[in-house]
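To start, the structure under review is shown below, and the notes come after it.
As the structure is a prediction and not an experimental result, all values here were calculated from the model. Below, read A as the first sequence line, B as the second, and so on, with proteins coming before strands; counting in each chain starts at 1.
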Amino acid sequence: MAPVTSSELVSVVAARELADTGTVFAGIGLPTLAASLAQHTVAPDLEVVYESGVCGAHPDGLPETIADAVLVTGAEAVLDMPTLFGSVLQGGHIDVGFLGAAQIDRWGNLNSSVIGDWHAPRVRLPGPGGATEVMAGADAVFVVMRRHDPRSFVDELDFCTSPGPDRALADGVRPAGRGVTRVITDLGVLSRDGVGQELTLTALRRGVSVERVRAATGWPLRVAADPATLADPTDAELATLRTAIDPERVYLR
Amino acid sequence: MAPVTSSELVSVVAARELADTGTVFAGIGLPTLAASLAQHTVAPDLEVVYESGVCGAHPDGLPETIADAVLVTGAEAVLDMPTLFGSVLQGGHIDVGFLGAAQIDRWGNLNSSVIGDWHAPRVRLPGPGGATEVMAGADAVFVVMRRHDPRSFVDELDFCTSPGPDRALADGVRPAGRGVTRVITDLGVLSRDGVGQELTLTALRRGVSVERVRAATGWPLRVAADPATLADPTDAELATLRTAIDPERVYLR
Amino acid sequence: MPGRRTDKRTSLHDAIAAHVRDGDTVSLEGFTHLIPTAAGHEIIRQGRRDLTVVRMTADIVVDQMLAAGCVRKLVSSFVGNSSAGSLGNLRGRIERGVPAPLEYEEYSHYGMICRYLAGAQRLPFYPLRSYAGSDLPSVNPGIRKVASPFPGPDGGTEHIYVVPPVHPDVTIVHAQRADRAGNAQLWGLTGVQAEAVFAAERAVVVVEEIVADEVVRSDPNRTLIPAHAVDAVVECPRGAHPSFAQGYYDRDNTFYRSWSAISADPRRLREWLTEWVYGTREHAEYVAKLGGDVRDRLAVGDALSAPVNYGRRL
Amino acid sequence: MPGRRTDKRTSLHDAIAAHVRDGDTVSLEGFTHLIPTAAGHEIIRQGRRDLTVVRMTADIVVDQMLAAGCVRKLVSSFVGNSSAGSLGNLRGRIERGVPAPLEYEEYSHYGMICRYLAGAQRLPFYPLRSYAGSDLPSVNPGIRKVASPFPGPDGGTEHIYVVPPVHPDVTIVHAQRADRAGNAQLWGLTGVQAEAVFAAERAVVVVEEIVADEVVRSDPNRTLIPAHAVDAVVECPRGAHPSFAQGYYDRDNTFYRSWSAISADPRRLREWLTEWVYGTREHAEYVAKLGGDVRDRLAVGDALSAPVNYGRRL
């Protein structure tokens with residue numbers, strides 16, 4: 001087997017975390033790879049839901065967007081967006097939502113709107129999309145970041161697009177979900193269980209030190225008493241990813 | 001031609017009132033007959049909408065309920081009920097809604113819930129159904145009553161199920177529609193244009209006196225300066241009703 | 001919560017035994033079309049008590065459940081045998097408290113729909129333009145008023161009525177077809193069934209036929225109720241009689257017209273339940289008992305939908 | 001308002017000329033699928049100005065309308081070239097006010113959906129569980145909080161955010177097929193198109209093909225947009241390119257990937273508009289210019305839906 005890339009490791013770790021999950025709200029890219037791999041391994045009955053409205057996709061090929069035609073043909077259900085966002089996501093039918101972000105803070109709050117001041121941004125990012133709703137509606141959120149660095153793991157967000165439950169409570173609103181429970185990066189895994197908890201380093205990629213992760217994180221990072229070392233991807237996991245799921249390495253770059 | 005029955009007269013008068021109407025929300029019975037006759041005569045492009053969700057029905061036969069299978073097969077659209085009630089009716093796409101009621105007052109407020117006290121009713125009637133929404137959402141409401149009598153045309157409702165705009169305003173809510181604009185009975189037609197107006201006798205069936213209508217009405221009825229006499233149904237109208245629309249006289253009893 | 005896509009097929013007996021409990025709030029939806037009658041009968045057979053029944057149009061099956069003593073409270077927007085007459089047991093209970101009083105909560109159709117929408121969407125309330133000036137709020141404390149935080153067209157404060165969510169312990173609906181995981185496809189009048197399922201803690205979908213996965217997947221837009229919202233799927237042909245299933249069988253209008261007389265007479269009503277519900281072990285026996293003549297009378301011809309192309313990547 | 005069911009067929013030129021006016025609020029919907037690109041190009045050709053564009057995913061066609069100077073204000077929940085990169089003109093206008101500032105109102109996807117729902121349902125606001133603790137309300141006064149009149153699960157007062165309705169002067173959507181009266185049928189991803197149409201004062205539906213009445217009527221559940229909500233219906237094959245129409249043609253991912261480079265360079269962007277929009281009199285010319293190779297590359301095979309039976313009374 002060829003050496004394991006960061007993308008492969010992140011996908012494998014995320015897939016393993018989906019054991020015992022019923023429904024996952026996935027974006028395109030690594031989340032889709034992780035969900036597919038989980039269906040091949042730890043969660044054969046996992047249902048993948050896309051914000052475009054597709055539930056239970058059975059695609060012929062690798063989708064290029066969350067709204068790809070191949071996700072629609074042969075799917076078990078395609079819902080309109082009021083139903084998907086209102087009844088499925090806000091209604092509490094999603095166990096795990098996958099999100100990415102430009103910035104994340106220690107409570108798992110996310111920024112995908114701007115770098116700099118919202119009114120005169122240095123960089124205008126794509127914005128919320130459905131991320132605000134995934135955070136508000138899913139029971140748990142997994143954040144996948146290809147690169148763990150202090151520009152993304154910040155002490156203070158430039159702008160909070162998608163707040164976790166702690167910010168909701170401070171705003172006087174009872175949250176439905178637990179917010180971010182896992183952040184999976186090229187260096188390891190940060191975890192929290194829900195309200196009142198900071199992200200804590202719970203697992204390290206083999207060969208990565210606690211100090212390296214601390215240096216890559218923009219806030220004083222909590223570390224579990226005895227952080228685990230992530231088990232290497234098995235040959236079977238790698239073969240499934242490389243051969244069955246993304247043979248052309250569209251997302252495994 | 002056989003003599004004109006009350007049901008036929010009411011259907012013909014209601015049909016004529018639908019000239020220049022785009023969409024009508026109709027119940028089964030006389031409203032359906034009136035809408036069908038209007039499509040054959042004064043309003044060929046009239047679209048009939050049923051609360052079951054059917055828009056633009058092209059039934060093979062006379063429907064027995066507003067949800068009859070013959071209304072569905074061959075219809076132009078069948079909508080779910082949140083869309084029908086929310087977007088079509090409340091959304092303002094209905095020009096005229098047809099309603100019946102056990103009791104009506106001088107402002108066109110309707111009771112279809114109980115005779116007597118709601119908590120211990122003498123008669124428990126079917127209740128609101130969608131009537132409350134037709135009153136709140138349609139631009140205008142036509143009420144069709146087979147029998148004009150003081151038990152139905154009351155000074156005070158036992159219970160207000162479906163309030164017109166005057167009661168809405170008194171409750172501090174801006175109404176969307178004009179409420180009841182026509183009441184078509186076996187004796188004639190009462191009319192009002194909207195907020196602040198009482199029902200006024202504007203037309204009489206041939207041979208019916210103003211006094212007779214007054215006696216049949218439970219409040220001091222306003223009468224137009226020169227109430228019209230309803231033109232008799234034409235032979236063409238009667239033939240269409242009797243031959244094309246309700247040949248088995250299911251509703252023309 | 002693993003297994004959202006697992007095989008959820010079961011018998012109607014087992015689905016009711018597992019998912020409907022004494023004291024539950026049970027939603028039965030289906031607007032004239034696809035009324036889950038067979039499920040109502042099975043609830044009667046199993047002798048459930050103290051149910052709160054939530055159903056927009058409380059009609060024959062509700063009258064039967066009332067007469068069988070299953071129901072403590074009814075939440076509805078229409079209580080009547082459609083246009084065919086009255087519900088004898090229901091009227092007796094509301095008008096005279098005979099044989100027992102019935103708690104009754106009255107909404108309009110859209111009020112009920114909005115309660116399901118709020119339940120499905122986990123909202124604390126749902127706004128609607130009904131009820132302004134109505135007497136319904138005076139007898140139903142569930143109907144309340146809210147001030148909009150946005151100015152009205154005249155610049156003043158705008159008020160609107162709202163209804164609370166309903167979260168049934170279990171919702172039961174009837175559909176034409178589903179796959180074994182519970183992806184349910186309905187056509188014709190689809191009512192508020194999907195919202196009632198999404199609003200519920202548990203959901204049972206009864207279908208005319210369980211079909212191969214490929215049939216469902218050939219037309220995913222037809223799936224109004226996705227498998228992840230469904231706990232049990234039951235094949236029960238003609239389970240909606242005397243209502244109809246578009247494309248499968250027509251409405252038994254004769255039975256509807258006969259119900260007013262049956263239900264007006266407590267003895268006849270009891271006899272009817274004894275013969276048709278307690279006297280049949282399951283719905284298949286009820287259907288057999290209906291006989292070939294009734295089935296022939298309700299048969300429908302074909303009117304097939306023109307196919308649409310979902311496309312396949314070349 | 002007579003003639004809801006009349007023949008509403010017209011050309012794209014005439015539909016835009018009649019229904020899109022300078023200063024209008026224009027909603028263009030279609031979530032990745034069925035994006036009304038041809039209509040956007042026709043708005044550019046006719047030189048509309050000062051538009052407020054409402055669109056959940058502001059993507060290539062919005063970048064093009066911005067670059068052509070049609071747009072004063074944008075209301076959106078996602079501004080990007082899907083996953084293929086950035087929108088050059090849009091970023092320049094927001095980040096540097098170059099070539100001109102752009103008013104921008106930012107919501108999340110469901111916030112936009114709820115604005116359409118409120119608009120469609122004539123509600124003063126629509127509640128949703130998003131935004132609690134977000135910075136979005138601090139930059140968007142349209143996002144406000146309401147206290148529920150019902151006690152929360154802990155007995156205390158429950159608060160929820162609400163958004164205001166949107167009532168576009170005109171909504172334009174693309175669909176697979178419609179009849180001449182505008183009964184429009186969509187399948188695959190249907191997004192928020194129906195709600196956007198219902199929310200609007202006027203609506204234009206652009207379709208791949210206008211079909212015989214019988215085709216639409218063979219499957220009335222497929223009609224998501226009924227004729228009474230539609231003012232004009234336009235046949236415009238491939239009118240959604242570079243997005244896709246399920247069952248008709250696939251997404252032009254090559255074009256999406258190329259757009260980031262085109263739009264990053266104002267000169268190239270101007271040249272692109274000159275060649276492809278101003279340089280074509282109508283969409284049919286644009287399609288011809290795309291050429292057979294592109295059309296072949298985007299061709300899809302057949303995957304037909306299994307028919308359903310609507311039934312016919314015997």
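In this structure, no portion of C:Phe244 lies under 4.5 Å from any heavy atom of chain D. Heavy atoms of C:Ile160 lying under 4.5 Å from chain D belong exclusively to its side chain. Only the backbone of C:Val163 comes within contact range of chain D, with at least one heavy atom under 4.5 Å from a heavy atom of that chain. Interface residue C:Leu128: only backbone heavy atoms are found under 4.5 Å from chain D. Neither the backbone nor the side chain of C:Pro220 comes within less than 4.5 Å of any heavy atom of chain D.
The candidate with the highest count of non-hydrogen atom pairs below 4.5 Å against chain D, out of C:Glu158, C:Arg129, C:Arg297, is C:Arg129. Most heavy-atom pairs under 4.5 Å with chain D, from the set C:Pro149, C:Ala306, C:Ala245: that is C:Pro149.
Side-chain contact between C:Pro127 and D:Pro127 is present, with heavy atoms from C-beta onward closer than 4.5 Å. Residues C:Phe150 and D:Pro164 meet the side-chain proximity criterion, which asks for heavy atoms closer than 4.5 Å. Annotation: side chain of C:Phe125 is in contact with side chain of D:Ser148 (closest heavy-atom distance under 4.5 Å). Counting heavy atoms from C-beta outward, C:Val308 and D:Arg177 have side chains that approach closer than 4.5 Å. In this structure, D:Arg222 and C:Trp187 have side chains that are not in contact, with every pair of non-hydrogen atoms separated by 4.5 Å or more. In this structure the side chain of D:Arg313 reaches within 4.5 angstrom of the side chain of C:Asp250, judged on heavy atoms.
Proximity of a side-chain donor or acceptor of D:Asn309 to a complementary backbone N or O of C:Ala303 within less than 3.5 Å is detected.
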Exercise for the section: Evaluate the side-chain contact (heavy atoms from CB on, under 4.5 Å) criterion for residues D:Asn221 and C:Thr190: first the C-alpha distance (whole Å), next the side-chain angles of each, then the deciding distance (0.1 Å), finally the verdict. Expected result: CA-CA 9 Å; D:Asn221 287 109; C:Thr190 59; 3.9 Å; yes

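A distance of 6.0 Å or more separates the ring centres of D:Tyr248 and C:Tyr310.
Once rounded to the nearest 0.5 Å, the distance linking CG of D:Leu117 with CG of C:Leu117 reads 9.0 Å.
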